[in-house]
Amino acid sequence: MGGHNPAMARQPKSEAPAPPDVPATAGPSETKAGGLLTIDLRAIFDNYRALATKVMPSECAAVVKGDAYGCGIDQVTTTLWRAGCRTFFVAHLDEARRVRGVAPESVIYVLNGYTTGTGDAFAEVYARPVINSSVELAEWDQFVSTSGWRGGVGLHVDTGMNRLGLSLDETAAVAMRVQSENHGLTLLMSHFACADTPQHPLNDQQIRQFREIRTLFRGIPGSLANSSGIFLDPSAYCDMVRPGAALYGINPTPGKPNPMKPVVTLQARVLQVRSVPKNAVVGYGATWTSIRNSRIAVVAAGYADGFLRAASETQRDVFVAGQRCPIVGRVSMDLITVDVTDLPDNAVRRGTLVTMIGGELTADAVGTQAGTIGYEILSNLGGRYHRTWKS
């Protein structure tokens, strides 16, 4: 491994310089694209501020993995930095590199942890792996001992999700290292499994277990709450919360009014309006048959754009000329078909924009209609749309 002089490590500074400017548009031009995707950065700014205020005096970090849930990691990170966020969580090291490029003084944790041979890359980016197993911890310690690196790590303890993280017994065995001056631990964290179901008994169990294990790591900041965890109970806040989906308008309190502002609007272009006679079929597999003479709008969006094919099996609506209209037939790679028979003849024509996400059709609502969740809808938004980031 290459050597690193800890005294020369490029550590984030305490001051907060303005982040660099990032593009306000991306993808094909508006005239060439089949759809228009608008991300409201002001809403993300406001959502972050609302959550940060709610959890004070705890720190409010931000999760920007998965290209910031499909909303653009560069633009979102820049906005969150301006809103006051100083700590970011990503899944992969390449995402950490992106965050470092637009928020050079931030603290960055990589949730998927340390993999063999990546020590130099972590040092280059000045990112902190979240250690998820005893094997990872041993490999990280080996890197630190041979390189002299002092960048710090997070430690993930599993309190009941049974995904990543050290067991409670493994974590307790590690606790002795905090007595060492150079223990390297900068965060102790766990993750809720059922925070979006407030009455689930696992929530209280995880809060209790995390509280107990933290007593062995005095002086090390703790973090447990995700977006929904913020709305469980202040006892879940600890020293830092880690909202992700709520920042992007996903409802962190399912079944209750959404306290967050919507972020994403998606519109797709009508390519053609077809007259379809009674008893004719539409789309692959002939799964839909008209029960009347119908008008069908063919729309330039499909599963290659993140519009899930699973929607073919459910009642899925879009808005055309301000009215709900059902999708009929199967979603294909590039196209969907919408029954616009009940609209006035002049209400929809070639070039009309159909609202796929927006207004009543929130990302959560679209996810429910497709038999999934809003997280998946946002993170699958494709690259063929014309993207506009609205400040």
Side-chain angles (χ1 to χ4, degrees), residues 1-23 59-133 135-156 164-165 182-189 191 220-221 223 240 242-244 247 379:
M1 300 230 182
H4 296 281
N5 182 345
M8 299 299 291
R10 179 175 56 82
Q11 300 189 34
K13 302 174 183 177
S14 58
E15 62 266 23
D21 290 332
V22 293
E59 179 183 357
C60 188
V63 181
V64 293
K65 62 184 180 178
D67 196 30
Y69 290 58
C71 293
I73 192 169
D74 297 338
Q75 291 79 5
V76 168
T77 299
T78 300
T79 297
L80 291 170
W81 178 269
R82 289 173 173 152
C85 184
R86 296 295 177 262
T87 302
F88 296 88
F89 286 81
V90 297
H92 298 287
L93 195 50
D94 281 349
E95 294 174 330
R97 195 180 304 277
R98 295 277 297 276
V99 172
R100 182 62 70 213
V102 294
E105 308 304 332
S106 61
V107 174
I108 307 169
Y109 286 97
V110 179
L111 292 166
N112 281 9
Y114 179 78
T115 54
T116 305
T118 56
D120 287 332
F122 272 98
E124 178 190 353
V125 181
Y126 209 93
R128 300 173 180 178
V130 174
I131 299 299
N132 293 301
S133 71
V135 172
E136 281 184 47
L137 184 58
E139 291 183 351
W140 177 256
D141 283 345
Q142 176 64 24
F143 167 70
V144 169
S145 68
T146 57
S147 67
W149 181 246
R150 295 291 182 267
V153 295
L155 187 68
H156 184 180
L164 292 176
N182 295 319
H183 57 72
L185 297 179
T186 54
L187 184 70
L188 182 71
M189 63 167 280
H191 192 65
I220 306 301
S223 178
M240 177 192 292
R242 310 184 310 271
L247 297 171
S379 61

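All figures in this text were calculated on a predicted structure; none of them were measured in a lab.
- Expressed to the nearest 0.5 Å, how far CG of Leu247 lies from OG1 of Thr79 amounts to 11.0 Å.
- Put simply, CD1 on Ile220 and CG on Leu187 are 9.0 Å apart, with the number rounded to the nearest 0.5 Å.
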Do any side-chain atoms of residues 65-73 form donor-acceptor pairs under 3.5 angstrom with protein atoms, and if so which ones, sequence neighbours left out?
unit_1	atom_1	unit_2	atom_2	d
Asp67	OD1	Ile73	N	2.9

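- With sequence neighbours left out, Asp141 forms a salt bridge (Lys or Arg N to Asp or Glu O under 4.0 Å) with Arg177.
- Remark: side-chain polar atoms of Ser133 are paired, donor with acceptor, to backbone N or O of Glu136 under 3.5 angstrom.
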**Prompt:** How far apart are the C-alpha atoms of Val99 and Val90, what are their side-chain angles, what is the distance that settles it, and do they pass the side chain to side chain contact (heavy atoms under 4.5 Å, CB included) test?
**Reply:** CA-CA 9 Å; Val99 172; Val90 297; 3.9 Å; yes
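- Cys60 has its side chain out of reach of Cys85: every pair of non-hydrogen atoms, C-beta onward, lies at least 4.5 Å apart.
- Using a 30° and 60° split on the angle between ring planes, Tyr114 and Trp140 fall in the perpendicular class, above 60°.
- Looking at residues two or more places apart in sequence or on another chain, you find a side-chain contact (heavy atoms from CB on, under 4.5 Å) between Asn112 and Ala91, His92, Leu164.
- When all heavy atoms of Val110 and Ala96 are compared, the closest pair comes out as CG2-CB, 3.9 Å.
- Not counting sequence neighbours, the partners of Glu59 by the side chain to side chain donor-acceptor pair (under 3.5 Å) test are Thr87.
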**Request:** Test side chain to side chain contact (heavy atoms under 4.5 Å, CB included) on Trp149 and Phe122 and set out the steps.
**Result:** CA-CA 10 Å; Trp149 181 246; Phe122 272 98; 5.6 Å; no
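- Side-chain atoms of Pro221 and Leu188, non-hydrogen and from C-beta on, never get closer than 4.5 Å to each other.
- Residues that satisfy the side chain to side chain donor-acceptor pair (under 3.5 Å) test with Thr116, not counting sequence neighbours, are Glu139.
- Taking both residues in full, the closest heavy atoms of Ala62 and Leu80 are given as CB-CD1, 3.6 Å, listed atom of the first, atom of the second, then distance.
- Considering CE of Met240 and CE of Met189, their distance stands at 10.0 Å, rounded to 0.5 Å.
- Judged by distance alone, with hydrogens and angles left aside, the side-chain atoms of Gln75 form a donor-acceptor pair with the main-chain N or O of Pro23 at under 3.5 Å.
- Defined by atom type and a distance below 3.5 Å, a donor-acceptor pair is missing between the side-chain atoms of Ser106 and Arg86.
- You'll find the side chain of Glu124 stays beyond 4.5 Å of the side chain of Asp120, heavy atoms only.
- The side-chain contact (heavy atoms from CB on, under 4.5 Å) test applied to Arg128 returns Val107, Tyr109, Thr186, not counting sequence neighbours.
- Inter-residue side-chain proximity for Val130 and Asn132 is flagged as met; some heavy-atom pair is nearer than 4.5 Å.
- In terms of modelled atom types and a separation under 3.5 Å, the side chain of Arg100 and the main chain of Tyr126 share a donor-acceptor contact.
- Between Val64 and Phe89 there is no side-chain heavy-atom pair separated by less than 4.5 Å.
- Listed by first then second residue, pairs satisfying salt bridge (Lys or Arg N to Asp or Glu O under 4.0 Å) with a partner in residues 68-77 read Asp74-Arg98, not counting sequence neighbours.
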